[in-house]
Each structure stands twice: as C-alpha cells, then as structure tokens.
Amino acid sequence: MFEKILIVEDFDTVHKSLSTFLKTIGKPKVDIAPYCDEAYLKCKRAALDQEPYDLLICDLSFKADHRNEKITSGEELSILLNKELPDLKIIIHSIEDHPSRIRKLKPFINGYVCKGRKGMEYLKIAIDEVSKGNFYLSPDLETALSQSNIKELTEYETQLLRCLAEGYTMDEICAEFTQKGLSPGSKSAIEKRLKELKDEFGAKNNTQLIGIVLSLQLI
C-alpha cells in the first residue's frame with residue numbers, strides 16, 4: 001500500500017473527505033495541494049529530498065482565481081509528472097467522464113475514478129489495484145469507453161480545429177502548419193479536410209463544427 005500520497009483538489013470539503021477516507025484504509029502520510037503549480041513543486045521537491053510521493057490523486061478541473069497558474073488542469077499536471085517522475089503513480093478522481101478525454105490521458109496515468117455515488121468505493125479498489133501494478137478504470141467509465149462510435153481526431157485535425165477555434169484565417173493556418181512541419185499544409189488541402197470534418201460531424205459551417213467538437217471535448 002502507498003505510504004505517501006498527495007491529493008490535488010481545490011474544494012475543501014472534497015480534499016478533507018478524501019484525507020479522512022485514506023486514513024481508514026491505511027496509515028499513509030497525506031498532503032494537500034489546491035493548485036496544480038503547487039502540486040508540481042511539492043512532487044519535485046519531495047523527489048529531490050529523496051522522500052518522493054508514491055501516489056497522486058488528482059482532479060482534472062480547477063476553478064480560476066487571482067493566482068496566475070502555469071499548470072491549469074489536472075490533465076497537464078498528470079502528463080508532465082508522468083514524463084518527469086515516471087515512478088509516481090497517478091489516479092484521476094474527477095466528475096468528468098468523456099471517453100475522448102479518458103483515452104487521451106490513459107497512457108499517462110494508472111487509474112481513473114469518476115466522482116459519484118460509488119466514487120469512494122471505486123477509489124478504494126483503484127488504490128489497491130494500482131499498488132499491485134495494475135491499471136484501474138471504474139466500471140461506469142469502462143462502459144463509456146466501450147462505445148465504438150466516438151470520433152478520434154488525428155494530431156493534424158486537432159491542430160487544425162484549434163487554430164480555427166482561435167480565429168486563425170486560412171492563410172494564418174497555412175503559415176502555422178508550415179512552421180510546425182504539419183502536412184499537408186496547402187490552403188486547398190486544409191479546406192478539403194475541413195469539408196470532410198464538417199461532413200463527418202454533420203456541421204453546416206466552421207462555426208458549428210467548432211461548437212460540436214468543443215461540446216464533445218475533442219479539442
């Protein structure tokens with residue numbers, strides 16, 4: 001079982017209940033970080049002091065306030081820590097359950113539990129499974145991931161739609177793709193791919209296309 005755990009959660013009631021819960025399934029040292037930047041620094045500091053955290057339990061969304069944060073989501077934090085501290089186990093504990101987001105995060109985490117009626121029950125199982133070296137996904141999320149009709153965007157499509165969402169013109173998108181080495185980068189090729197995406201998502205125009213992919217959390 002894990003001996004040193006960091007909870008990354010910005011709601012007092014949630015992290016207090018998590019801390020209490022964790023102490024009922026063992027005697028780990030539990031620390032709290034309400035901000036992703038703070039969590040990152042705590043993890044790095046602990047590793048440098050040769051007293052690393054064994055487990056990170058992290059939400060995905062954090063309410064913005066007066067602080068200017070560099071790492072603004074649990075997704076960014078998890079990916080970053082997975083690369084820099086590969087021995088750290090990470091369990092996402094979030095209300096967000098969209099399949100595309102889970103698939104995107106899966107290579108960088110060790111478990112994903114959806115907050116809900118049985119959230120603590122599933123979290124207990126997740127901690128046990130992850131401590132044994134297994135990956136754990138709560139049953140409600142396994143059902144969502146089993147859907148085969150969820151559209152997966154390629155990196156090219158993701159970059160294209162992000163540029164469009166940020167208000168880039170076609171000429172600016174062409175220049176951006178040329179700079180990043182994304183191919184095909186010609187205006188005609190980009191317009192052709194946009195037309196194909198609109199057909200795939202049933203969108204009448206670019207604005208509606210962006211609205212759809214944002215609602216599906218694909219970008």
Side-chain angles (χ1 to χ4, degrees), residues 8-11 14 35-37 58-80 82 92-109 112-117 119 137-219:
V8 192
E9 170 66 58
D10 57 351
F11 284 98
V14 178
Y35 299 97
C36 292
D37 281 359
C58 185
D59 199 351
L60 286 182
S61 298
F62 293 80
K63 189 174 181 180
D65 61 13
H66 63 282
R67 291 171 60 118
N68 184 20
E69 297 289 301
K70 292 181 179 179
I71 307 170
T72 58
S73 71
E75 181 178 314
E76 292 177 65
L77 178 65
S78 298
I79 293 172
L80 188 61
N82 173 263
I92 297 298
H93 183 235
S94 172
I95 198 170
E96 298 184 44
D97 60 358
H98 198 279
S100 64
R101 196 161 196 190
I102 300 168
R103 287 194 181 107
K104 180 181 178 182
L105 270 170
K106 197 172 180 181
F108 306 100
I109 62 175
Y112 197 123
V113 175
C114 194
K115 291 178 181 177
R117 188 172 296 173
L137 199 65
S138 54
D140 46 350
L141 298 175
E142 285 185 343
T143 301
L145 276 183
S146 67
Q147 299 176 32
S148 59
N149 61 343
I150 300 297
K151 166 70 178 174
E152 295 288 337
L153 295 176
T154 65
E155 178 63 21
Y156 179 90
E157 293 167 339
T158 300
Q159 291 294 331
L160 173 55
L161 291 169
R162 281 178 178 165
C163 285
L164 202 63
E166 291 172 11
Y168 283 48
T169 65
M170 282 298 138
D171 289 338
E172 288 171 335
I173 294 174
C174 290
E176 180 78 4
F177 277 29
T178 299
Q179 182 181 357
K180 291 184 176 180
L182 291 172
S183 180
S186 69
K187 189 173 181 178
S188 60
I190 290 171
E191 288 176 339
K192 180 183 177 183
R193 191 67 197 105
L194 275 176
K195 183 181 183 304
E196 292 170 346
L197 285 169
K198 280 183 282 192
D199 290 341
E200 288 176 29
F201 285 98
K204 295 179 180 178
N205 51 52
N206 290 345
T207 301
Q208 188 178 23
L209 174 62
I210 294 303
I212 291 170
V213 296
L214 285 173
S215 68
L216 293 173
Q217 299 182 26
L218 293 176
I219 60 171

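Every value quoted in this text rests on a predicted model; they were computed, and no experiment measured them.
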Participant: Please check this pair: side chain of D37 against backbone of K70, looking for a donor-acceptor N/O pair closer than 3.5 Å.
Facilitator: yes
Participant: Rounded at 0.5 Å granularity, tell me how far OH in Y112 sits from CD in E96.
Facilitator: 5.5 Å
Participant: Going by the rule side chain to side chain contact (heavy atoms under 4.5 Å, CB included), which residues pair with C36 if we only count those two or more places apart in sequence or in a different chain?
Facilitator: F62, I71, L77
Participant: If we only count heavy atoms from C-beta on, is the F177 to P184 side-chain gap below 4.5 Å?
Facilitator: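 No, too far: nothing below the 4.5 Å cut-off.
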Participant: Apply side-chain hydrogen bond (donor to acceptor under 3.5 Å, both in side chains) to E155 and list each qualifying residue two or more places apart in sequence or on a separate chain.
Facilitator: Q159
Participant: Just verifying a value: how many Å separate H93 NE2 and C58 SG, rounded to the nearest 0.5 Å?
Facilitator: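 Output value for this atom pair is 11.5 Å.
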Participant: CD1 of I190 to CG of L160: how many Å apart, nearest 0.5 Å?
Facilitator: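 I190 CD1 to L160 CG: 6.5 Å, rounded to 0.5 Å.
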Participant: So, using side-chain hydrogen bond (donor to acceptor under 3.5 Å, both in side chains) as the criterion, who are the partners of T158 when residues are at least two apart?
Facilitator: none
Participant: Got a sec, which residues hit salt bridge (Lys or Arg N to Asp or Glu O under 4.0 Å) with K180, two or more places apart in sequence or on another chain?
Facilitator: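 Only E176 meet the salt bridge (Lys or Arg N to Asp or Glu O under 4.0 Å) criterion with K180.
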Participant: Only pairs at least two apart or in different chains count here, so list each side chain to side chain donor-acceptor pair (under 3.5 Å) that has a residue in residues 203-214.
Facilitator: K198-N206
Participant: Quick one: list whatever passes salt bridge (Lys or Arg N to Asp or Glu O under 4.0 Å) with E69, sequence neighbours left out.
Facilitator: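 For E69 the salt bridge (Lys or Arg N to Asp or Glu O under 4.0 Å) partners, ignoring immediate neighbours, are R67.
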Participant: Is the shortest side-chain heavy-atom distance between D59 and V8 below 4.5 Å?
Facilitator: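 Contact flag for D59/V8 side chains = no.
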Participant: Taking only residues at least two apart or on different chains, which pairs with a member in residues 160-169 satisfy salt bridge (charged side-chain N to carboxylate O under 4.0 Å, His left out)?
Facilitator: none
Participant: Could you work out, with salt bridge (Lys or Arg N to Asp or Glu O under 4.0 Å) as the rule, every residue matching E196, not counting sequence neighbours?
Facilitator: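 Partners of E196 under the salt bridge (Lys or Arg N to Asp or Glu O under 4.0 Å) test: R193.
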Participant: Kindly write out the residues that satisfy side chain to side chain contact (heavy atoms under 4.5 Å, CB included) with T169, not counting sequence neighbours, or none if the list is empty.
Facilitator: D171, E172
Participant: Closest heavy-atom contact between G119 and V113?
Facilitator: O-CG1, 3.6 Å
Participant: Is there a side-chain contact between I210 and F201, using heavy atoms and a 4.5 Å cut-off?
Facilitator: no
Participant: What's the spacing between E200 CD and L209 CG if we round to 0.5 Å?
Facilitator: 9.5 Å
Participant: Who are the side-chain hydrogen bond (donor to acceptor under 3.5 Å, both in side chains) partners of T178, not counting sequence neighbours?
Facilitator: none
Participant: Using every non-hydrogen atom in the two residues, find where C114 and S138 come nearest and quote the distance to one decimal.
Facilitator: N-OG, 3.4 Å
Participant: To the nearest 0.5 Å, how far apart are SG in C163 and CE in M170?
Facilitator: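 It comes to 9.5 Å.
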Participant: Measuring from atom CG of L164 to atom CG of L197, what distance do you get when rounded to the nearest 0.5 angstrom?
Facilitator: 10.0 Å
Participant: Can you check whether N82 reaches I109 side chain to side chain, under 4.5 Å on heavy atoms?
Facilitator: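 Contact flag for N82/I109 side chains = no.
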Participant: Excluding sequence neighbours, so at least two apart, what forms side-chain hydrogen bond (donor to acceptor under 3.5 Å, both in side chains) with S183?
Facilitator: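 In terms of side-chain hydrogen bond (donor to acceptor under 3.5 Å, both in side chains), with neighbours along the sequence ignored, S183 is linked to no residue.
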Participant: Suppose we screen for salt bridge (Lys or Arg N to Asp or Glu O under 4.0 Å). Which residues come up paired with K104, at least two apart in sequence or across chains?
Facilitator: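 Here the qualifying residues are E75.
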